[in-house]
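I have placed the structure first, in the form of structure tokens, so that the comments after it can refer back to it.
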Amino acid sequence: MAEFLPYGRQSVSEEDIEAVAAVLRTDWLTTGPEVDRFEAGLAEHAGGTPAVAVTSGTAALHVAYAAAGIGPGDEVVTSPMTFVATASTAALHGAKVVFADVDPETGLLDVEAARAAMTSRTKVLAAVDYAGHPAAMDELREVAGEALLLEDAAHSIGASWQGRPVGSMADLTTFSFFPTKNLTTAEGGAVVTPSPELLERARGFRNHGLVRDKARQRFPDEGPWHQEVHEFGLNYRLPDVLCALGSNQLKRLPSFVKRRAEIHARYTAALSDVDGVRTPVVRPGAEPVWHLYPLRVLDGRRRALFEHLRGEGIGVQVNYIPAYWHPVFEDQGYRRGLCPNAERFYAEELSLPMFPDLRDEDVDRVITAIRAFF
Ligand SMILES: *Cc1c(COP(=O)(O)O)cnc(C)c1O
């Protein structure tokens, strides 16, 4: 039997390995020069927007919401077509999560649904760049009004919308560097923000809320060793060892983006004439980075195709169950039927293998298996 093809996989080069090994030979394992270098590299890819490196995409969301200052009584409007962390990290701060439905074609937050979900209590509007296709950030900015605009860009580092790079449009943008994402630090993530105030709050929450700046301390005369906490935070510091991997992966990002686009084009060319499936839609103005290839399988045949492909050793995946279907939300009274477009999208979605080291012959194997099924 042919080798098992996962739906996503990291690409680690000898140069990546050397970059990590070099840091292990220095005195700094964490919070040293490699963190600054990685953050500077991320900022460059985000149109010059400053970055804060953290330990995961989930940590990035938790930090971003902390920087936004959300808490009990506040609402966060977001998409249910996402990994649960976009919503759960807001709930952990005590805010109420309000799900707005998605565009039935792209699975991205629907602008009018988001508008209808906004209230005077909405503190953050959180868009998700599903599959690596950027959300309609210009329209969502207008919908956000006084609320902060957050972009969960776990799928989309390297993408742009109307010529503007992801990371340069929202008040807070979050990235994930999990192995299947567009670049990896094993575990890792980042928050980018153009606001000096949000940046300082994000840096604080990443590091226990510790204040070292004497000018801001309540007891500055305590002694040279003194640091103090004004607001609770956590330890979400990404170590130098992993930041070195991230910096080298950033150098390789353009080649990853190019290869993902080639794979996307190869699938679309071979599958768009198959009755029973729909290939992904691209909105004018979007330059996606395809983290996922979200095929839509019609006529209730998604599960059968999933099982057929898994039987052939092809590691397809489903992204995502609507976030409010998780029992933790159901137990709080969120009901099925809340976002019908998202539920239909979920029922049809099948993510095909998509990662930079996937060879053309692997892509063709997936295509052949799908065509054989139909
Ligand atoms: C992966 C992912 C996250 C969480 O990132 P981790 O690094 O796995 O914690 C958040 N949001 C979305 C949309 C994701 O795909």
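Index from 1, following the sequence. All values below were derived from every heavy atom in this structure, side-chain atoms included, with hydrogens, water molecules and symmetry-related copies excluded.
Residue-environment remark: CZ (F232) stays at or below the threshold of 12 foreign heavy atoms within 6.0 Å. In this structure, E287 places its CD atom where only 12 or fewer heavy-atom neighbours from other residues, nucleotides or ligands lie under 6.0 Å away. For Q217, the CD atom counts as densely surrounded, since its 6.0 Å shell holds more than 12 non-hydrogen atoms of other residues, nucleotides or ligands.
With hydrogens and angles ignored, the 3.5 Å screen pairs no side-chain donor or acceptor of Q249 with any backbone N or O of F177. One N or O on the side chain of T122 and one on the backbone of T119 form a donor-acceptor pair closer than 3.5 Å. Remark: the backbone N or O of L148 is not paired with any side-chain donor or acceptor of D171 at under 3.5 angstrom. Without hydrogens or angle criteria, Q332 side chain to V328 main chain gives a donor-acceptor distance under 3.5 Å. Remark: the backbone N or O of D103 is not paired with any side-chain donor or acceptor of N341 at under 3.5 angstrom. Between the side chain of S160 and the backbone N or O of G163 there is no donor-acceptor pair closer than 3.5 Å.
By the 4.0 Å N-to-carboxylate-O rule, D364 lies too far from R371 to be salt-bridged with it. A salt bridge links R266 with D360: the closest approach of a Lys/Arg side-chain nitrogen to an acidic carboxylate oxygen falls below 4.0 angstrom. Between E139 and R283, none of the side-chain N atoms (NZ, or NE/NH1/NH2) sits under 4.0 Å from a carboxylate O, so this pair counts as no salt bridge. The pair R365-E361 does not meet the salt-bridge criterion, since no charged nitrogen lies less than 4.0 angstrom from a carboxylate oxygen. The residues E34 and R37 are annotated as salt-bridged, a charged nitrogen and a carboxylate oxygen being separated by less than 4.0 angstrom. Using a 4.0 Å cut-off between charged side-chain N and carboxylate O, R310 and E307 make no salt bridge. For E231 and R201, the salt-bridge test passes: some basic side-chain N is under 4.0 Å from an acidic carboxylate O. In summary, R141 and D138 do not engage in a salt bridge, as defined by a charged side-chain N under 4.0 Å from a carboxylate O.
Inter-residue side-chain proximity for Y130 and V102 is flagged as unmet; no heavy-atom pair is nearer than 4.5 Å. Put simply, the side chain of M118 does not reach to within 4.5 Å of the side chain of E75, judged on heavy atoms. With contacts defined as side-chain heavy-atom distances shorter than 4.5 Å, the pair M354/H291 does not qualify. Contact annotation: the side chain of T185 approaches that of F38 to within less than 4.5 Å [non-hydrogen atoms, C-beta and beyond]. Contact check for E15 versus K251: side-chain heavy atoms found under the 4.5 Å cut-off. Between N182 and F256, every side-chain heavy-atom pair lies at or beyond the 4.5 Å cut-off. With contacts defined as side-chain heavy-atom distances shorter than 4.5 Å, the pair V84/Y320 does not qualify.
For the side-chain hydrogen bond (donor to acceptor under 3.5 Å, both in side chains) test, no residue two or more places apart in sequence or in another chain qualifies with Q10.
With ring centers used as reference points, Y334 lies under 6.0 Å from F329.
Nearest heavy atoms, E151 versus V166: OE2-CG2, 3.9 Å.
Side-chain contact annotation: R252 with S11, donor-acceptor N/O pair under 3.5 Å present.
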